[in-house]
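Because the structure is predicted, anything quoted here is derived from the model rather than measured.
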Amino acid sequence: MRDSLPKLFTEVLITVRNRCTDFSNTYYGQRGNNYWQFWDYSKVLEITDEDENYEVLAWMSLPQPFNERSKNNED
């Protein structure tokens, strides 16, 4: 995964797995310098690349918002 990480501090969806419980969930977050930061409803969580309890299984960039006034959208 290290070969294709998102740009730093861009918004992404990440799937995080708890290695102790084998439970995984998808969160809204961002990539920092050697860590991931994500929001779990009421709090901000961070996991480092070397974290022993959690791992990031996948990430996905969020699409750009649709702009109705864009020239590309005119008929």
Testing the basics here: between [X] and [Y], what is the closest heavy-atom pair and its distance to 0.1 Å?
| X | Y | result |
| --- | --- | --- |
| Arg17 | Asp22 | NH1-OD1, 2.8 Å |
| Ser61 | Val12 | CA-CG1, 4.2 Å |
| Thr21 | Asn18 | N-OD1, 3.2 Å |
| Ser4 | Trp59 | O-CZ2, 2.9 Å |
| Arg31 | Trp36 | NH1-NE1, 3.0 Å |

| How long is the span from the CD atom in Glu55 to the CD1 atom in Ile47, to the nearest 0.5 Å? | 8.5 Å

| query | Rounded to the nearest 0.5 Å, what separation is found between the CG atom of Asn33 and the OG1 atom of Thr48? | reply | 12.0 Å

| field | Residues that Glu46 engages under salt bridge (charged side-chain N to carboxylate O under 4.0 Å, His left out), provided they are two or more places apart | value | none

| request: Report the residues that fulfil ring-ring contact (aromatic ring centres under 6.0 Å, His included) with Tyr28, sequence neighbours left out, ordered by chain and then residue number. | output: Trp39

| task | Just jot down the ring-ring contact (aromatic ring centres under 6.0 Å, His included) partners of Tyr27, sequence neighbours excluded, or say none. | result | Phe38

| Transitively linked via ILVMFWY side-chain contacts under 4.5 Å: Tyr35 with Val16? | no

| query | Do Leu5 and Tyr54 belong together in a cluster built from hydrophobic side chains that touch within less than 4.5 Å? | reply | yes

| Leu13 versus Leu62: any side-chain heavy-atom pair under 4.5 Å? | yes

